[in-house]
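First the structure, in the form of structure tokens, and then the observations on it.
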Amino acid sequence: MSKYVLVYTGGKAPETEEEGAVVYAAWSKWLGGLGSAVVDGGNPFGGVKSIAPGGQVSDGPAGSHLAGYSIIDAGSFDKAVAHAKGCPHLQAGGTVSVYEVMDM
């Protein structure tokens, strides 16, 4: 099996506790449906600071706003992408990028 990191970008956060409960349930259902393919269900990201090559620190991301991650085990890149297509982050207007983890 090969590991893949699903990186979540953008999207809209729930505005109420009720919306949050619906979103949480959708994520739980999706991750549960992936079964043993889930290596690390991941977490959303919070605050961010960026460090420039010269050492200057600033608030905010250096590039795209990353929202979170998950790590899955899949038999192929295509299977990992198929798993990612069901991700609830897409319904929140976000995107999912699938990165293959290289064995070293």
Side-chain angles (χ1 to χ4, degrees):
M1 293 290 227
S2 299
K3 290 183 184 167
Y4 297 87
V5 178
L6 309 182
V7 178
Y8 312 120
T9 308
K12 179 180 171 243
E15 295 180 5
T16 66
E17 284 187 37
E18 292 79 16
E19 287 178 9
V22 170
V23 169
Y24 181 80
W27 276 89
S28 294
K29 181 179 179 182
W30 176 66
L31 287 169
L34 295 179
S36 63
V38 177
V39 173
D40 178 350
N43 283 296
F45 294 136
V48 60
K49 292 196 179 273
S50 299
I51 304 148
Q56 180 181 0
V57 177
S58 59
D59 290 330
S64 297
H65 174 73
L66 300 180
Y69 77 96
S70 297
I71 302 172
I72 63 171
D73 229 336
S76 69
F77 219 133
D78 289 339
K79 189 168 183 178
V81 169
H83 286 322
K85 283 184 175 181
C87 180
H89 191 65
L90 299 169
Q91 283 72 49
T95 60
V96 180
S97 297
V98 180
Y99 289 87
E100 184 175 21
V101 176
M102 297 174 58
D103 289 327
M104 302 281 296

**Prompt:** For Gly41, does its backbone N or O pair with a side-chain atom of Ser70 as donor and acceptor, under 3.5 Å?
**Reply:** yes
**Request:** Provide the closest heavy-atom pair for Ala62 versus Ser50 in the form atom of the first, atom of the second, distance.
**Result:** N-OG, 2.9 Å
**Prompt:** Which atoms form the tightest heavy-atom contact between Pro14 and Val23, and what is the distance?
**Reply:** CG-CG2, 3.9 Å
**Cluster link Val98 to Leu66, ILVMFWY, side chain under 4.5 Å** = no
**Message:** Nearest 0.5 angstrom please: Lys79 NZ to Ser2 OG, how far?
**Reply:** 11.0 Å
**Item:** Output field: ring centroids Trp27/Tyr8 closer than 6.0 Å
**Value:** yes
**Item:** Cluster overlap Tyr69 with Leu31, hydrophobic side-chain contacts below 4.5 Å
**Value:** no
**Item:** Shared hydrophobic cluster for Leu90 and Val22 (ILVMFWY, side-chain gaps under 4.5 Å)
**Value:** no
**Request:** Nearest 0.5 Å please: distance from the OH atom of Tyr4 over to the OG atom of Ser97.
**Result:** 15.0 Å
**Request:** Tell me, please, which residues at least two apart from Lys49 pass salt bridge (charged side-chain N to carboxylate O under 4.0 Å, His left out).
**Result:** Asp59
**Item:** CG on Leu6 to CG on Leu34, rounded to 0.5 Å
**Value:** 8.0 Å
**Message:** On a heavy-atom basis, which atom in Ala80 and which in Ala74 lie closest, and how many Å separate them?
**Reply:** N-CB, 3.8 Å
**Taking every non-hydrogen atom, the tightest pair across Gly10 and Ala67** = O-CB, 3.7 Å
**Request:** For Tyr99, check ring-ring contact (aromatic ring centres under 6.0 Å, His included) against everything at least two apart and list the hits.
**Result:** none
**Item:** Inter-residue atom distance Ile71.CD1 - Lys3.NZ, 0.5 Å rounding
**Value:** 7.5 Å
**Item:** Backbone N/O of Thr9 and side chain of His89: donor-acceptor pair under 3.5 Å
**Value:** yes
**Message:** With a 6.0 Å cut-off (strictly less than), is the heavy-atom count around CZ of Phe45, excluding the residue itself, greater than 12?
**Reply:** yes
**Request:** Mind checking salt bridge (charged side-chain N to carboxylate O under 4.0 Å, His left out) for Lys12 and listing every partner two or more places apart, or none if nothing turns up?
**Result:** Glu15
**Message:** Are the side chains of Val39 and Ile72 in contact, using a 4.5 Å heavy-atom criterion?
**Reply:** no
**Message:** Rounded to the nearest 0.5 Å, what separates atom OG in Ser58 from atom CD in Gln56?
**Reply:** 6.5 Å
**Message:** Grouping I, L, V, M, F, W and Y whenever their side-chain heavy atoms are under 4.5 Å apart, do Val81 and Trp30 come out in a common cluster?
**Reply:** yes
